[in-house]
Amino acid sequence: MPVKVPEKTADQVVNLACDTIAKKKQALVFVNSKRSAEKVAEDIGKKTGVEEVRLKELAREIEGVLARPTRQCERLAKCVKGGVAFHHSGLAPKQRELVEDAFRAGAIRIIACTPTLAAGLDMPAFRAVIRDVKRFTQRGMQHIPVLEFLQMAGRAGRPKYDSVGEVIVVAQTQTDQEFVEEHYLRGSPEDILSKLAVEPVLRMYLLSLINSRIIGPRESIVDFFGRSFWAFQYKDLARMQKIIDRVLNVLVEWGFLQEVKEGYRATLMGKRVAELYLDPLTAHGFIDALRKSEGKKLRAFTWLHLVANTLEMRPLLRVRQKEFEKVQEKYGLVEPNLLQHEPSMFEPEYEEFFDAVKTAMMLDDWIEEKDEEYMLEEYDCRPGEMRVKIDNADWLLYGVHEIAALLEMQPVLKEITKARLRLRYGVKEELLPLIKLEGVGRVRARKLFRAGIKDLGGIRSASLEKLSGLVGEKVAMKLKEQVGQ
DNA sequence: AGATAGGAGATTTAGACAGCATGTC
DNA sequence: CTAAATCTCCTATCT
């Protein structure tokens with residue numbers, strides 16, 4: 001039924017938030033973009049009139065999470081002072097945690113968020129305000145699935161504290177309201193689609209199932225998939241058979257499977273690829289690139305680009321129109337170091353190739369010790385997103401390393417490990433000796449290096465006083481201990 | 001001259017999972 | 001079923 005709250009402002013969401021706070025309750029506001037989450041939180045924050053010491057402290061803590069605060073940190077801190085926060089995948093992990101804890105503790109009254117908080121069973125609120133029931137997809141603006149709506153709605157009502165919870169959907173028109181009632185409140189969740197129908201997934205499953213010997217003989221493969229959910233939905237067994245055969249052929253061609261009498265068996269490489277959870281296409285790309293690496297000038301960028309140019313790294317950073325020239329220019333400089341090259345302009349992968357180049361550029365800036373604020377300004381990549389990209393690239397680099405090891409390409413192994421270490425810590429090569437020490441990350445390592453302490457020997461010969469001045473007494477003691485003093 | 005309002009057109013758009021071996025500021 | 005908020009750049013108008 002329609003909800004009435006005092007209309008303090010022209011913005012219904014702000015009014016709902018203020019009403020929630022006036023009732024001494026909490027609300028989650030679900031929106032469809034990170035930008036909206038931030039703006040909504042900001043708009044509400046201006047009107048709450050909340051002022052508490054604990055919120056000021058929290059704001060300070062949030063702003064101090066990174067070595068240098070980004071403009072996102074500052075914005076969040078400002079909202080938090082008013083008892084409001086935004087929450088999405090772009091927040092630094094520590095900030096996410098602080099916001100969630102403060103909400104559970106009752107300090108933060110309202111969180112404007114993307115679906116990040118929809119699934120968290122641990123984040124109940126008196127009200128779940130659903131501002132957007134549409135989201136941008138590859139086919140334009142579309143209604144979100146009923147299941148997702150129900151997940152957001154499920155955050156309303158805290159079992160221990162409230163006897164009821166409220167789900168409020170913000171509808172602009174009568175038509176919208178009717179649609180919500182019909183589709184989301186009275187409708188049923190849509191059918192689940194089989195994921196096997198997506199080729200990369202089928203590739204991985206086929207290899208993995210054959211590797212673990214769940215299937216192998218030809219008939220068993222047909223039989224297995226014939227009884228799958230995919231077959232149940234797809235119905236056309238003959239066409240499925242054709243698709244499976246095509247994928248099997250490709251896996252054989254790539255050297256991950258071998259045909260044995262009456263069926264298939266995973267090769268040594270196929271086994272490793274399955275264990276690494278890599279898409280066989282990605283693994284094939286790695287192998288192909290590694291084989292071409294001999295005699296090339298290999299740099300850290302070589303490896304960063306190799307892993308950036310994979311399905312697993314998606315979504316990639318996108319090259320904006322006005323950036324295109326800059327990326328092209330940079331590409332010209334690094335091209336001799338790359339193992340995979342520019343597809344023709346008319347190929348569908350053309351654009352994506354440069355997205356990967358840009359993503360590799362960002363990772364390269366990271367290992368050149370650029371900080372989070374720089375990444376946000378230069379690449380529009382928020383700290384949380386940055387972290388995910390680094391983690392993914394780190395995992396993929398491990399994959400490249402393992403494949404190179406299997407190919408017995410000893411010379412590149414060290415280089416890959418070095419690139420991986422640099423990526424993980426975000427440091428130039430010169431800091432690698434210091435990074436090995438417990439308690440030393442990119443910031444402390446740089447501090448030590450600037451003071452002339454460049455390796456373990458430097459730690460040994462530096463006085464405890466000097467170390468203490470740089471990294472604090474406790475860490476200094478820990479460092480001395482690690483070099484046996 | 002400088003401020004400001006407004007319009008046309010461009011730009012942008014959620015989240016999270018995989019390996020491995022432990023620990024940043 | 002297939003948008004909408006926000007940003008950028010430019011121009012007209014006002015002080």
Side-chain angles (χ1 to χ4, degrees), chain A residues 11 30-40 43 61 64-69 87-94 96 113-120 131-145 148 151-152 172 176 179 183 195 200-201 204 208 272-279 282-283 307 310-315 317-323 371-372 380 382 384-385 387-403 417 420-421 424-427 434-448 470-472 474-475 478 482:
Chain A
D11 188 332
F30 290 99
V31 298
N32 66 2
S33 76
K34 285 176 270 212
R35 194 157 56 168
S36 288
E38 295 182 18
K39 180 146 192 310
V40 166
D43 289 349
E61 194 175 352
V65 154
L66 303 174
R68 174 161 70 120
H87 189 289
H88 54 58
S89 66
L91 299 199
K94 182 72 188 165
R96 268 170 92 143
C113 59
T114 55
T116 29
L117 292 181
R131 194 198 71 172
D132 303 326
V133 290
K134 286 178 166 186
R135 182 186 303 135
F136 182 84
T137 69
Q138 288 184 330
R139 291 205 290 274
M141 237 29 193
Q142 290 204 313
H143 278 104
I144 58 171
E148 254 193 72
Q151 269 186 328
M152 295 193 284
Q172 296 303 326
D176 287 351
F179 182 87
H183 187 68
K195 293 226 192 266
V201 178
M204 289 186 65
S208 157
R272 196 72 189 105
V273 169
E275 285 167 357
L276 290 165
Y277 279 89
L278 290 173
D279 178 352
T282 297
V307 297
T310 60
L311 291 181
E312 283 90 336
M313 278 295 284
R314 293 202 293 196
L317 297 182
R318 287 191 47 202
V319 179
R320 290 166 175 64
Q321 268 182 5
K322 46 183 176 180
E323 287 175 332
D371 65 11
E372 285 92 346
D380 196 26
R382 303 168 177 84
E385 297 159 333
R387 204 62 249 168
V388 171
K389 297 253 178 328
I390 291 169
D391 281 349
N392 285 347
D394 181 51
W395 159 54
L396 289 163
L397 276 178
Y398 175 74
V400 177
H401 181 274
E402 291 305 288
I403 286 174
T417 302
R420 205 174 147 220
L421 220 49
R424 196 178 272 197
Y425 291 97
V427 293
L434 292 168
I435 267 324
K436 294 197 180 102
L437 292 158
E438 192 181 320
V440 179
R442 68 186 325 216
V443 174
R444 285 175 183 162
R446 182 44 68 192
K447 252 187 195 165
L448 291 168
L470 290 165
V471 295
K474 277 199 166 168
V475 181
K478 240 168 70 179
Q482 288 177 71

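Below, chain A is the first sequence line, B the second, and so on; all start at residue 1. Not measured: the values here are computed from a predicted model.
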Problem - Flag for A/R96-A/T116: side-chain donor and acceptor within less than 3.5 Å - result: no

Handout entry: Nucleotide nearest A/T114 when distance is taken to its side chain, options B/dA16, B/dA18, B/dG15
Key = B/dG15

Exercise for the section: Look at the side chain of A/P115 and decide which nucleotide, out of C/dC1, B/dG15, B/dC20, has an atom nearest to it. Expected result: B/dG15

Practice task
Pick base, sugar-phosphate or nothing for A/L437, based on heavy-atom distances below 4.0 Å to the nucleic acid.
Solution key: sugar-phosphate

Practice task
With the side chain of A/H88 defined as its heavy atoms from C-beta on, choose the nearest nucleotide among B/dG15, B/dA14, B/dA18.
Solution key: B/dG15

Practice task
Take the protein atom CZ of A/R139 and the nucleotide atom C1' of B/dA14, then report the distance between them rounded to whole Å.
Solution key: 17 Å

Practice task
Determine the contact category for A/G64: base if any of its heavy atoms lies under 4.0 Å from a base atom, sugar-phosphate if only primed atoms, P, OP1 or OP2 are that close, otherwise nothing.
Solution key: nothing

Handout entry: Pair A/E38 + A/R35, salt bridge at N-O below 4.0 Å
Key = no

Exercise for the section: Write down the distance between CG (A/L421) and P (B/dG19), rounded to a whole number of angstrom. Expected result: 20 Å

Practice task
Using whole Å, report how far OH of A/Y425 lies from C1' of B/dA21.
Solution key: 10 Å

Problem - Length of the line joining A/K478:NZ and B/dT24:P, which is rounded to integer Å - result: 8 Å

Exercise for the section: Classify the nucleic acid contact of A/P93 as base, sugar-phosphate or nothing, counting any heavy atom under 4.0 Å across all strands shown. Expected result: nothing

Exercise for the section: Please work out the stems of DNA chain C from pairs that are Watson-Crick or G-U wobble with both distances under 3.5 Å, keeping only runs of three or more consecutive pairs. Expected result: B:1-13 with C:3-15

Practice task
Report the C-alpha distance between A/R314 and A/L311 in whole Å, list the side-chain angles of each, state the deciding distance to 0.1 Å, and finish with yes or no for side-chain contact (heavy atoms from CB on, under 4.5 Å).
Solution key: CA-CA 6 Å; A/R314 293 202 293 196; A/L311 291 181; 3.2 Å; yes

Exercise for the section: Quickly work out the A/R96 CZ to B/dA14 P distance and round it to whole Å. Expected result: 14 Å

Exercise for the section: Send over the distance from A/K94 NZ to B/dT24 C1', rounded to a whole Å. Expected result: 11 Å

Practice task
Calculate the interatomic distance between A/K447 atom NZ and B/dT24 atom C1'; express it in whole Å.
Solution key: 13 Å

Exercise for the section: Report which part of the nucleic acid A/D391 touches: base, sugar-phosphate, or nothing (heavy-atom distance under 4.0 Å, all strands). Expected result: base

Handout entry: Contact nearer the 5' end of DNA chain B, comparing A/R272 with A/R320
Key = A/R320

Practice task
Report which part of the nucleic acid A/N392 touches: base, sugar-phosphate, or nothing (heavy-atom distance under 4.0 Å, all strands).
Solution key: base

Completion exercise
Taking B/dG19, B/dA14, B/dT13 as options, the one with an atom nearest any side-chain atom of A/E148 is B/dA14

Practice task
Nearest-nucleotide wise, let me know which of A/D394 and A/R442 is further upstream toward the 5' end of DNA chain B.
Solution key: A/D394

Handout entry: Close side-chain approach of A/L448 and A/V471, heavy atoms under 4.5 Å
Key = yes

Fill in the blank from the handout: Side-chain atoms of A/D380 come closest, of B/dG19, B/dA16, B/dT13, to B/dT13

Handout entry: Side chains of A/I390 and A/R424 in contact at under 4.5 Å (non-hydrogen atoms)
Key = no

Exercise for the section: Return the nearest nucleotide to the side chain of A/Q142; candidates are C/dC1, B/dG15, B/dC20. Expected result: C/dC1

Exercise for the section: State whether the side chain of A/E312 and the backbone N or O of A/L278 hold a donor-acceptor pair below 3.5 Å, judged by distance alone. Expected result: no

Handout entry: 4.5 Å side-chain heavy-atom contact, A/E275 and A/E402
Key = no

Exercise for the section: Considering just the side-chain nitrogens and oxygens of A/S89, establish if one lies under 4.0 Å of OP1 or OP2 belonging to B/dA14. Expected result: no

Exercise for the section: Say whether, by atom type as modelled, one donor and one acceptor occur between the side chain of A/N32 and the main chain of A/D132 under 3.5 angstrom. Expected result: no

Handout entry: side chain to side chain donor-acceptor pair (under 3.5 Å) partner of A/K34, the single match among A/E385, A/H88, A/H87
Key = A/E385

Exercise for the section: Write down the partner of B/dA18 under the Watson-Crick or G-U wobble criteria, each distance required to be under 3.5 Å. Expected result: none

Problem - Rounded P spacing from C/dA5 to B/dA14 in Å - result: 15 Å

Exercise for the section: Would you mind reading off the distance between A/Q172 atom CD and C/dA3 atom P, rounded to a whole angstrom? Expected result: 16 Å

Output one line per pair: protein atom, nucleotide atom from nucleotides 4-10 of chain C, and distance, for all N/O pairs under 3.5 Å.
residue : atom : partner : partner atom : Å
C/dT6   : OP1  : A/K39   : NZ           : 3.3

Practice task
Give the C-alpha distance, both sets of side-chain angles, the deciding distance and a yes or no for side-chain contact (heavy atoms from CB on, under 4.5 Å) between A/E372 and A/R68.
Solution key: CA-CA 8 Å; A/E372 285 92 346; A/R68 174 161 70 120; over 6 Å; no

Exercise for the section: Check whether any side-chain nitrogen or oxygen of A/Y277 sits under 4.0 Å from OP1 or OP2 of B/dC17, and answer yes or no. Expected result: no

Practice task
For A/V440, report the nucleic acid contact type (base, sugar-phosphate, nothing); a contact means any heavy atom under 4.0 Å.
Solution key: sugar-phosphate

Fill in the blank from the handout: Value for CZ (A/R387) from CG (A/D394), rounded to nearest 0.5 Å, stands at 8.5 Å

Practice task
Please determine, for the side chain of A/W395, which listed nucleotide (B/dA14, B/dA18, C/dC1) has the closest atom?
Solution key: B/dA18

Completion exercise
Testing C/dA3, B/dA14, B/dC20 for proximity to the side chain of A/R424, the answer is B/dC20

Practice task
Output yes when at least one side-chain N/O atom of A/R382 is less than 4.0 Å from OP1 or OP2 of B/dG15, else no.
Solution key: no

Handout entry: Side-chain heavy atoms of A/N392 within contact of A/V307, under 4.5 Å
Key = no

